[in-house]
Amino acid sequence: MEMFDVVILGAGIVGAACANECASAGMRVGIVEAAVPAGAASAAGMGHLVAMNDSPAQLALSHYSRDLWGMLSSALPANVEYEECGTLWVAADAEEMAEVFSKRRLYTQSGIASEVLDEVALREAEPHLRTGLAGALLVPNDAVIYPPAAAAYFLSSAEQQGARMVRGSAAVRAAQGEVVLEDGTRLRAGRIVIATGTDIRLCPWLNVQPRKGHLVITDRYPGIVRHQLVELGYLKSAHNLAADSVAFNLQPRKTGQLLIGSSRQNGSLLSKADSEILRSMLDRAVEYMPALRSLSVVRVWTGFRAATPDKLPLIGPTPDASVLVAMGFEGLGITNAPGAARLVLHHLTGVDVPLDPTPFLPSRTWSSEALYA
């Protein structure tokens with residue numbers, strides 16, 4: 001039976017970042033991945049690295065994580081496509097412009113650089129947006145990456161530091177310091193970290209639900225869009241846990257392609273694209289940027305975000321002292337991967353982190369009835 005200090009279950013971007021962090025701390029690390037590393041939510045996501053202010057705890061984690069990405073940027077290989085293009089939070093009217101100023105005050109208090117753009121400045125920054133928009137908030141240090149390549153970088157770095165990847169067989173049991181795989185392989189570890197996205201079979205007492213999303217990528221049109229563009233209504237869409245929703249979210253890629261989102265569907269487990277949701281999402285995008293109507297689309301795909309009721313991830317210990325989880329990141333798993341890995345290391349070793357880990361503890365979501373059902 002192979003022995004490890006820690007075994008990470010799941011090689012998406014969060015699991016990969018955890019593996020790299022633990023290996024960098026000198027631990028003997030095992031990584032279990034039954035399928036393609038970073039082949040699920042990490043492959044389906046936009047790759048937006050964003051300081052998100054939907055709650056104080058989320059802002060603290062996403063700001064910290066975005067800064068960690070910035071510190072990593074010079075070491076990232078070219079295929080990660082790290083680009084600090086900034087985010088423009090677009091205000092459609094005077095009411096949303098008031099939200100721009102409110103958002104600016106909050107970012108200033110949190111030490112996040114931002115700049116208010118009026119209608120004229122927004123037009124200069126992004127001339128293909130429709131006329132009549134009220135303005136925007138520019139967050140210049142937000143960035144974009146290609147998530148599968150970033151996860152591959154973390155895994156490669158971990159393996160170079162001695163981590164071992166165990167491929168092709170899923171874990172069927174993870175408890176009391178032991179991981180059992182489908183093929184009968186047993187791995188012993190001082191600690192186990194479950195980072196399996198929407199798959200909660202190993203921890204069914206967690207309240208994590210899949211939320212389906214659609215993305216569209218165009219052919220190459222370099223220079224049409226300069227920033228990540230997000231409508232201010234995006235947060236309302238993201239917080240709506242009951243109804244399906246769409247919001248304007250447009251990302252320029254280094255390839256010259258444009259990535260168009262976003263949508264959220266609750267209760268759908270079908271990977272097939274929903275034509276009605278897709279049409280609504282594209283109509284919303286064209287409403288903000290009419291020039292998109294004439295661009296060619298090369299691919300449409302869907303993915304599933306792991307959502308929690310309070311919109312915060314689950315990072316920390318479980319009732320089994322040997323098991324931790326790092327799950328439930330919804331649309332911020334790419335952004336928050338390095339910060340989540342530092343929080344996992346904090347729980348494993350006591351290393352200091354510059355934010356309060358309490359809001360992310362899994363214990364906030366479970367009941368004794370669920371645990372022992």
Side-chain angles (χ1 to χ4, degrees), residues 1-19 21-22 27-42 151 155 158 163-211 269 303-309 312-330 333 336-337 340-341 343-345 347-348 360-373:
M1 186 183 295
E2 204 161 354
M3 300 286 294
F4 298 92
D5 296 317
V6 60
V7 168
I8 313 293
L9 305 182
I13 197 163
V14 171
C18 289
E21 198 69 36
C22 291
M27 296 182 180
R28 168 71 172 147
V29 178
I31 310 155
V32 174
E33 176 53 64
V36 177
S42 300
L155 290 173
R164 189 170 93 76
M165 178 79 81
V166 181
R167 295 282 301 276
S169 187
V172 295
R173 182 176 182 274
Q176 298 176 335
E178 183 178 76
V179 175
V180 181
L181 306 186
E182 284 177 320
D183 64 5
T185 300
R186 292 174 180 267
L187 308 173
R188 290 291 301 175
R191 307 298 285 277
I192 301 163
V193 178
I194 302 175
T196 50
T198 58
D199 185 351
I200 59 169
R201 285 175 291 180
L202 295 172
C203 42
W205 29 266
L206 288 181
N207 191 351
V208 173
Q209 300 295 327
R211 296 186 78 188
L269 298 178
F304 294 89
R305 310 172 180 94
T308 63
L312 291 176
L314 305 165
I315 307 169
T318 71
D320 182 331
S322 70
V323 178
L324 292 83
V325 297
M327 303 174 74
F329 292 86
E330 234 259 60
N336 286 336
L343 283 171
V344 165
L345 190 66
H347 289 296
L348 292 174
F360 312 106
L361 291 176
S363 56
R364 74 184 190 275
T365 69
W366 63 57
S367 65
S368 56
E369 291 81 4
L371 285 172
Y372 299 109

Side chain to side chain contact (heavy atoms under 4.5 Å, CB included) evaluation trace for Glu178 with Arg186: CA-CA 7 Å; Glu178 183 178 76; Arg186 292 174 180 267; 2.9 Å; yes

CA sep, side-chain torsions, deciding dist, call: Val6, Ile192, side chain to side chain contact (heavy atoms under 4.5 Å, CB included): CA-CA 5 Å; Val6 60; Ile192 301 163; over 6 Å; no

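Met3 places none of its side-chain heavy atoms less than 4.5 Å from the side chain of Arg28. Pro309 has its side chain out of reach of Thr365: every pair of non-hydrogen atoms, C-beta onward, lies at least 4.5 Å apart. No side-chain heavy atom of His347 sits under 4.5 Å from any side-chain heavy atom of Arg191. Taking 4.5 Å as the limit, some side-chain heavy atom of Met27 sits within range of a side-chain heavy atom of Leu348. Counting only heavy atoms from C-beta outward, the side chains of Asp5 and Cys22 never approach each other to under 4.5 Å. In this structure the side chain of Ile315 reaches within 4.5 angstrom of the side chain of Phe329, judged on heavy atoms. By the 4.5 Å heavy-atom criterion applied to side chains, Leu9 and Val193 are not counted as neighbours. Residues Thr196 and Met327 have side chains in contact (heavy-atom distance under 4.5 Å, counting atoms from C-beta outward).
Summarising the geometry of Ala151 relative to Ala16, their closest heavy-atom pair is O-CB, 3.6 Å, with the distance given to 0.1 Å. Smallest separation of non-hydrogen atoms from Arg164 and Glu2: NH2-OE1, 2.5 Å. Nearest heavy atoms, Leu343 versus Phe360: CD1-CD1, 4.0 Å. The shortest non-hydrogen separation linking Val344 to Ala326 is CG2-CB, 4.1 Å. Smallest separation of non-hydrogen atoms from Pro362 and Leu314: CA-CD2, 4.0 Å. Closest approach of Ala337 to Ala17, counting heavy atoms only: O-CB, 3.6 Å.
Thr318 and Asp320 share no donor-acceptor pair across their side chains, judged by distance under 3.5 Å alone.
Remark: the backbone N or O of Leu181 is not paired with any side-chain donor or acceptor of Ser169 at under 3.5 angstrom. Listed for the Ser42 side chain is a donor-acceptor partner under 3.5 Å among the backbone atoms of Ile13. Although no hydrogens or angles enter the test, the distance criterion places no donor-acceptor pair under 3.5 Å between the side chain of Glu21 and the main chain of Ala341.
With sequence neighbours excluded, the residues forming a salt bridge (Lys or Arg N to Asp or Glu O under 4.0 Å) with Asp199 are Arg201, listed by chain and number.
Atoms CG and CD1, from Leu206 and Ile200 in turn, are 6.5 Å apart once rounded to the nearest 0.5 Å. Distance SG/Cys203 to CD1/Ile194: 4.5 Å, rounded to 0.5 Å. The CD atom of Glu330 sits 11.5 Å away from atom CD of Gln209, with the distance rounded to the nearest 0.5 Å.
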